[in-house]
Each structure stands twice: as structure tokens, then as C-alpha cells.
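Before any comments, here is the structure.
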Amino acid sequence: MPLGPGQRVLAVADDLSGAAETAAALLSRTTRTRVLLDPRTDTPAPAGTTTVFDLDSRQLSAADAAARITTVLTGLAPDTVVCKKVDSLLRGNLAAEIAALAATGRGVLLAPALPAERRTVRDGVLHTDGVPLHTGDAWRAETAAPPRSVAEALGVPVALLGLQAVRGQDHHLRTALREALATGLPVVADAETDADLDALLAATLDIDPRVVLAGSAGLALALGRTLGGGPPAPLPPPGSATRPLLVVVGTAEPVAAEQVRRLVTDGAALYALDHTPSHPGPALPPLRPGITVLTPRQDGPPDPAAARSIARHLARTAAAVLDTAPGPADLVLTGGETARRVLDALGVRELRPRGQVHHGAVLAETPDGRTVVTRPGSYGGPDSLRLVARALRAPAARTPTTPTPPPTPAPPAAKPGRTSQDHAKGPFMNATPAAAAGTAPTTAGNTGALPVIAVTMGDGAGIGPEVIVPALLDPGTLSRIRPVVVGDAERLRRAAELLGLADQVEIVTVEGPADAEFTPGRINVIDLGLLPADLPWGKLSAVAGDAAYQYVRVASELALSGAVQGICTAPLNKEALHAGGHLYPGHTELLAHLTGVEEVSMMLSTDTVKVIHVTTHIGLIDAVARIEPGLVERTVRRGHDALVRAGVEHPVIGVCGINPHAGENGLFGYGEEEEKIVPALEVLRADGIDARGPLPADTAFFLAGRGDYDLIVAMYHDQGHGPVKILGLEAGVNLTVGLPVIRTSVDHGTAFDIAGTGTADPGSMIEALRQAAALAPNPTG
């Protein structure tokens, strides 16, 4: 079933943070999205509207929860797609609500996996971080024991759709799903990746679009990708630092205390309620300008039985505090129950979502203009609240300082065959780096003109640390950017020792970019401390693979919040990444997922040739099947726009064919060029883009090498990678085109064979940082 902008979608969730998360997942297709807090609201949804109801049923009886499901499903237009947001840990009235959905006769597909939070389903068993739900501690705040399987959580027989069926050929998946739905039982589907959820969704809509899609936010995101319509508008700019912001933390999750601590470190005022709802303590002072945090004091393990009364008490206190504000105040609310109670106390009945600060942290507006961020209590890392606050509040003005910089350390010796002039050259020769006018490095407190770039350390067992240290000591680096490494400080120190640079560098741990100082010889590190001291160099490690994922995750959050203007990545190892529980083909797909982008392109860039890929990390047969005119057109446009931003006013683009000799007028292949590429080129040329082809790949790269083309469009991975690696591997840079943030990377792997020897060449990392400087916007605050 093709879905489009005119499609009605109705989604329901059992708490407010889940409803907001679902609405944000569906924002990619339309701005006409609303979250309603009253299931009795009788507002017919026009075509093209997504309505998400917060049923507020988490704490209701099973019968009442089912009744609310029935209420909102009564009288639906027949073509309405129905999505039920379930808790990704299977909490709440799941059994009763799924039974109510099944009673509609639509059929139910239940896929609760949430890959973004490392929650997967294998053999019908939910796993968190690779651990079965019933053997871990994810339910520590619940009064009941966790279910041993999804079927046990439902309490009824189910039809299980295993991972082998989900990942089978399309017709095999559809056959297996059709047979499962024919049983009349709820269908429980395995899934470990977003690709699994996309396949399930496409198959279900193809078989019967009336089937209820029940799942976590992961399935809602898959629906949003299917509905399409382009990315959501950017978040509104941060408000004034003097406008009050009340952060209400209503969760007993262990990470919450650290989130609050970091926010207080940034200057927020903290009020921990150490009294019970039945014995209210002294009145809190009036809400002041700036950021105030309100949270219950935790003197022991959480008491699940008291959770609801604590949430209500927090809500009453928050409402009373907001009444004292000198002007309009905004809100950050963590924990679905707490968020709902606070908005009830304020009389808010509708939210209009605008986007996400990071995964699960949804920014919305109320009809009266208040900004509200909601977030599930279990989501987010230690910097979650800090990132949210920075997205909502511009930093207070600071007085620039200009301390005398220490002497510049001698740069590391260049590798044979390379000179400092080699590093100065770049593939975008018309681009002007931020420091082109001679801007000096800036220090903490001085925003200056240089972009802040998050440098992820990659796989710590590979050569990432060994190329980062000399690259950040290169004399040109601090003249172009303000770099902050996201990684492991001790590993970088070991790399400096291997390179003989320990006496030339100071590796300093910082909380975030705002705490960093940028002076020659200093490397600022957001130290996640994930690697053991005895991690061997050059060996595959699941620990290093997981750490590489976490570095990218944190860098993405910093970029989306505006704390950094770009990301530069050291290499990760795909096998280690998968062993660490993160099933992404590589950096490109991982960054697209973390930033909520449906489609991006990989661009390889050297002084000699630049190449953008229509498909990348998939098999050749799958690549040919995936190529179609729309994908070719979008890829060319992304490459064209990137070159224009880099200063190439009228790019000339050569587009490769698929077959040898570009098919040679049908002699080779089955007309793929005429079917898949030519229609895209006709549209592009009509829009004034100089895209030429389809060209034989060998001819295209020969002509690009002599300067005829600014960009070559390769149809698949090896068609583009092979020539680039021959023409410019050492100086090559990998750019991800189409992200909401700038991302560059070295064009080499982890090189396990030389890791730990101190012989890795930092040239590609230096060039990647130079291009990040050329492409990243200047900071605005």
C-alpha cells in the first residue's frame, strides 16, 4: 500500500512521553501532527493529519485501559493507519490493550524492538543490551516480575515470526507474515535492527494496511520513514537565558542523579523534595530566571508503590512554583507519569511536537506558546538534561578572554613522501576555511569564529588514537577548528607515548565543549572511560566496538544540540561494532539513525577525484535492485549541494552506468541504465544541474582524473571506492552528505595490522579536520 501526505494516521500510547515520542517519529512526513491528552476529544482528523492520543492508561485497571483503546478506535475512517505505541520494556497494561486491538478484527502485528536503545527481540524474547529482560534489572522499579517472553507478557497464544523469516527475501517474508496473520492470533515479530522493522512494516502494509501496527518508537520511526515527506523543520532557536526553565525529574532511574548533577554543575538551581505528599515541606522560593531543577530526594531504593503519589506531588509543586515565575516559563519533564500530571495541573490538553533534541527527548509547544520537552525516564545518557537545556536556553553572555598562549610544540615528523604543503591542499580548493583570514585559536569563554568539531576516537584497538594525537598537534589544526575528542583519555595518552609525543601534549578531560580550552599542545577529551587498561592493540574486541558506537552517539547528541558544529570520525571496525551489539553497516548508516535522517550519501574526496555513492554497504545484486530513478536523483542533488556549499559554483557531475560500457545501448545487461538512471538525469538537467551520463565507469574516472568532472556518481560501493583508493587513499576523506550536521572522516580503516606500532600516517585525519572546518558553519553563540 503506497502511503503519502494525504494519509490519516491514528496512534495511541499509554503515557505522555510515549505519545510525544511517537508523534516525533511521525513528524518526518508532515507538520500536521498533534498530541491530544484526552481520549474523549471529538475532533475529526482531516486527511493528512497524524493524531496521537495519550491514553494515560499505564496505571489504570486492565479493563479501563482496554476501554480507552476502544473509545479512540470507534468511528475511524476505514483508510486510517493505526499504530499502538507499546512500552519497549513491555510494562503497563500490554495484555489488555493488545486484546482490545485484536477485538477490532483488524489483526495485530506486535514488534516491540527498539534498536536505538539496544532493545531487541530474538525468538520472541525481549533483550536489553543483549540480556534477556527477565534476567536483567530493567524492571527494578516495577512491582511485578518481568515476563520471560513477549507471549508471556500478553498471556495468550501468539504466532511468532522469527528473525530468519523477517530477513528472508520479500516474498518469503510476506508469505510467512500472511500465514501468521491468518491464524487470527497476535503476531509477535523478532527484530534487531531498523532494517528489520522497515521490512516488517512494508510487508504488513502490502498485505493488509488495516492491520494494527503495535510496537515501540522503533516501529513508529519505521512508519514515519514509510510515510516520507522530507525531514522535519529544524528546532526553534534557544530562548533567552533569563527566561525561567523548570526541569521536573520524576524518575528513579540511576542515571537521573548524574543527569541532574551535570545540569547543576552548569549553574542550575536544585530543589530536592525531602518530604512526603502527606506532609508538604516549606514553600519553595519563587521561580527565578534561568534553570531550576525539581526532583524527589532519593534516600534509598525506589518504592514502586509510591510512584504515582510522588508524581502527583511533584506536579502540584511544579504548578505552584510556576505560578511564582516572573514571566512565561518553559518545562522539561522526564518520566511519562510525571509529565502527564504536571500538564494536567497546568490545564494543558494538547501538544504540537516540533522535533527531538535527542532520541526520546521531544520538544513540543502548547497552544498558549509554552515550550515543553518530555522524555521517558529511562532514556538518555549522563548529558541528556544538559543537552536539552542547551537546546532550550542560549548561554548567558561571557566576557572574552585572551590569555597568552604557551609556546607551540614542535609538530610530529612528517611521514616519508609527504610534506606540510601536502596537508594544506584539499579537495575543495574553492572552499574558505573559517580560519582563512588568520583567526587565532580561541579559548574557553571566547566563542570566536572557529567551529567546534567533535572528533570521535573510533575503535580504540585500531589506529584511531594514533592518528588523532598528531593531527590535533598539527600547527594548522587549531588555526581552523576547536577540536574536542569524544573517546577514552587514557587510550590517547598511550598513543602519545607510542608516538614519542607524551612530552609535547597535555590530554585533559572535560565535561563538554563549553569546558574546553583551546591552546597549542592541549587535547580536550570528553572521556567516556569505556576501554579497559589492558585492551590489546590490533585485536577484534566487542568492548571496543561498543565504545566506538558510544563515542558516535555522544558526538551526535552534541551536534544536534548545537554544542558542536561538526563531527570528524576516526575509523571503527564493523565486525567489532556488531559484536558490541550494534548492527549497523558502518558510520554512515549509524549517523543517519542517530540524527533521525532517512537517507544520506557517502562521498569520498581527494585532491584528484570526488565520488558520491548511490548505494554502499550492500551486496552487488541487492545494489542493482535498490537503484531506481528517485534514489539516483536524490544522490546527485546531495552531491551537487555539497559542492556548491564548498564553493564550486557550477559543478560538472559525471554519472556512472551500472553495466560495463554503461550497457552499450542494450548490449550488456537488461536496460538498467535506461530504466534506472536516464529518467533521473532528465529531471536533474531540467532543474539546471549539469549531470552527464550514464558513463562507462572506467571512462568517467579517467576524465575526472584529468579534471573534466567535479564529482563522479558511482552506482555501488566498489565502483567508487576502487578508483579513489588508487588515486588518493592517504589523503582521502569520507564525507556523509545529507545529515543535519557536518561529518567528515578518514578514508581508511582501523588497520589492525599496524595498530600500536606508532607508524600510522595522520595525513587523512588532518585533511578530514581541514574539510570539517571548510564545511562547518560558524558557531552562533
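Using a 4.5 Å heavy-atom cutoff, the side chains of L314 and P296 are in contact. For the pair V373 and L333, the minimum side-chain heavy-atom distance is 4.5 Å or more. Taking the side chain as every heavy atom from C-beta outward, R370 and L331 approach each other to under 4.5 Å. Side-chain contact between L270 and T295 is present, with heavy atoms from C-beta onward closer than 4.5 Å. Taking 4.5 Å as the limit, every side-chain heavy atom of V248 sits out of range of all side-chain heavy atoms of T317. The closest side-chain heavy-atom distance from V525 to V510 is not below 4.5 Å. Contact of the V249 side chain with the L294 side chain is not registered, since no non-hydrogen atoms from C-beta on lie closer than 4.5 Å. Looking at R341 and R316, their side chains never come closer than 4.5 Å, going by heavy atoms from C-beta outward.
Nearest heavy-atom pair, V543 versus P532, reported as atom, atom and distance to 0.1 Å: CG1-CD, 3.7 Å. Between A319 and A345, the closest heavy-atom pair is CB-CB, 3.9 Å. Considering all non-hydrogen atoms of both residues, V485 and I468 come closest at CG2-CG2, 4.0 Å. Across every non-hydrogen atom of L385 and L263, the tightest pair is O-CD1, 3.7 Å.
Ionic pairing of D330 and R393 is present here: one or more N-O contacts between side-chain nitrogen and carboxylate oxygen are shorter than 4.0 angstrom. Taking the charged nitrogens against the carboxylate oxygens, D54 and K85 have no contact shorter than 4.0 Å, which rules out a salt bridge. In summary, E511 and R386 engage in a salt bridge, as defined by a charged side-chain N under 4.0 Å from a carboxylate O. The residues E497 and R493 are annotated as not salt-bridged, no charged nitrogen and carboxylate oxygen being separated by less than 4.0 angstrom. Salt bridge D546/R118: present, at least one basic N to carboxylate O contact under 4.0 Å. Ion pairing between a basic and an acidic side chain is recognised when a charged N comes within 4.0 Å of a carboxylate O; E337 and R58 show no such pairing. The pair D14-R91 does not meet the salt-bridge criterion, since no charged nitrogen lies less than 4.0 angstrom from a carboxylate oxygen. With salt bridges taken as basic N to acidic carboxylate O contacts below 4.0 Å, none links E490 and R494. Ion pairing between D266 and R262 fails under the 4.0 Å rule for side-chain N and carboxylate O.
Of the candidates R743, E557, H587, H593, V552 forms a side-chain contact (heavy atoms from CB on, under 4.5 Å) with just one, namely H587. Under the side-chain contact (heavy atoms from CB on, under 4.5 Å) rule, M765 has a single partner from V746, L472, V469, which is V746.
S88 and S216 are not linked by any side-chain donor-acceptor pair at a separation below 3.5 angstrom, with hydrogens and angles left out of the test. Checking S384 against R375 by side-chain atom types alone, a donor-acceptor pair falls below 3.5 Å.
One finds the OG1 atom of T120 at 7.0 Å from the CG atom of L126 (value rounded to the nearest 0.5 Å).
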**Request:** Under the salt bridge (Lys or Arg N to Asp or Glu O under 4.0 Å) rule, what do R354 and E365 come out as? Steps first, then yes or no, please.
**Result:** CA-CA 7 Å; R354 296 286 299 274; E365 294 174 349; 2.7 Å; yes

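Using cut-offs of 30° and 60° for the angle between ring planes, the Y549 and Y584 rings count as parallel.
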